[in-house]
Chemist: 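Got a structure here, written out as structure tokens. Questions coming.
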Amino acid sequence: MGYAIFTARKLMLTNRVNQLQMRIMQLSQQQQTLADNAGRLERALANTRNLFSNIGNAFQMGFTMQQQALSASMMKSLQESGGDMNNAAVQNALASMGSLLNGGANFMSTPMGIGLNMMNQSLNAINESKMRQIKEMENQIELERKSLETQLQAAQKELESVEKAEEKAIDNAAPKFA
């Protein structure tokens with residue numbers, strides 16, 4: 001009768017150990033998936049930053065070229081007018097230059113540049129929020145995994161003690177011949 005109790009207890013503990021090991025493996029897989037997602041999100045964020053940087057650089061270059069062309073046009077008009085600042089062509093060039101420079105010295109201070117910067121900042125905020133969520137999920141998984149590992153160690157120690165008790169019971173029950 002004692003052997004049946006030991007066997008039932010061992011089977012129950014073995015089942016518990018297997019279940020805990022399975023859950024730990026599932027949590028490890030979830031952690032790996034989250035790490036992959038975080039890596040993809042980081043790459044997407046870097047690509048987005050590069051995209052906005054490239055767009056900003058392209059517009060800045062176009063903005064600078066437009067300023068240079070306007071300056072050249074103004075200088076040509078000034079030369080053609082013989083230095084007369086009251087000439088209509090010179091006044092038009094000055095007005096165009098003034099309206100272009102009202103946005104500031106570079107593209108990022110123009111309304112389009114400010115809009116581009118705001119879009120970049122909002123995408124960064126969204127991606128950082130997603131990264132925080134992933135980190136929180138990883139922390140929760142890690143806490144659960146540590147708890148399960150502690151339970152697993154306890155179950156394994158209990159299984160070992162049951163096996164030792166079973167061996168001891170077998171030794172005590174065996175007939176001894178002198």
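Quick note: residue numbers are just sequence positions, from 1. Everything numeric in this text was worked out from a predicted model, so none of it was measured.
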Chemist: Test of understanding: with salt bridge (charged side-chain N to carboxylate O under 4.0 Å, His left out), list the residues that count as partners of Lys135, not counting sequence neighbours.
Modeler: Glu138
Chemist: Any chance you could measure Met119, atom CE, to Gln121, atom CD, to the nearest 0.5 Å?
Modeler: 12.0 Å
Chemist: What distance separates Ser28 OG from Glu142 CD, expressed to the nearest 0.5 Å?
Modeler: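 Ser28 OG to Glu142 CD: 8.5 Å, rounded to 0.5 Å.
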Chemist: Side-chain heavy atoms under 4.5 Å apart, restricted to Ile/Leu/Val/Met/Phe/Trp/Tyr: what other residues fall into the cluster of Leu152, or is it alone?
Modeler: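 Grouped by the 4.5 Å side-chain rule, Val17, Leu20, Ile24, Leu27, Leu34, Leu41, Met131, Ile134, Met137, Ile141, Leu148 form the rest of the cluster around Leu152.
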Chemist: I need the full list of salt bridge (charged side-chain N to carboxylate O under 4.0 Å, His left out) pairs touching residues 14-25, with sequence neighbours left out, sorted by first then second residue.
Modeler: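 Found Arg23-Glu144.
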Chemist: Decide yes or no for Tyr3 and Ile170: does some side-chain heavy atom of the first lie under 4.5 Å from some side-chain heavy atom of the second?
Modeler: yes
Chemist: Return the CD to CZ distance between Glu167 and Phe6, rounded to the nearest 0.5 Å.
Modeler: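 Here the rounded value is 10.5 Å.
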Chemist: Any salt bridge (charged side-chain N to carboxylate O under 4.0 Å, His left out) involving residues 111-124? Give me the pairs, sequence neighbours left out, ordered by first then second residue.
Modeler: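 Residue pairs with at least one partner in residues 111-124: there are none.
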Chemist: CD of Gln140 to CD of Gln30: how many Å apart, nearest 0.5 Å?
Modeler: 10.5 Å
Chemist: Return the minimal non-hydrogen interatomic distance between Asn37 and Arg40, and the atom names on each side.
Modeler: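 Taking every non-hydrogen atom into account, OD1-NH1, 2.6 Å.
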Chemist: Could you tell me if the side chain of Gln151 sits less than 4.5 Å from the side chain of Ser147, heavy atoms only?
Modeler: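 Yes, at least one pair of side-chain atoms sits under 4.5 Å.
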Chemist: List in chain and number order the residues that pass side chain to side chain contact (heavy atoms under 4.5 Å, CB included) with Asn18, two or more places apart in sequence or in another chain; answer none if no residue qualifies.
Modeler: Thr14, Gln21
Chemist: Indicate whether the side chain of Gln32 and that of Asp36 have a donor and an acceptor atom separated by less than 3.5 Å.
Modeler: yes
Chemist: Any carboxylate oxygen within less than 4.0 angstrom of a Lys/Arg side-chain nitrogen, looking at Glu149 and Arg145?
Modeler: yes
Chemist: To the nearest 0.5 Å, tell me how far Lys10 NZ sits from Glu163 CD.
Modeler: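 Between atom NZ of Lys10 and atom CD of Glu163 there are 5.0 Å.
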Chemist: Taking ILVMFWY side chains as joined if any heavy atoms are under 4.5 angstrom apart, and letting links pass through other members, which residues group with Leu143?
Modeler: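 Taking Ile, Leu, Val, Met, Phe, Trp and Tyr as members, Leu143 stands alone, with no cluster partners.
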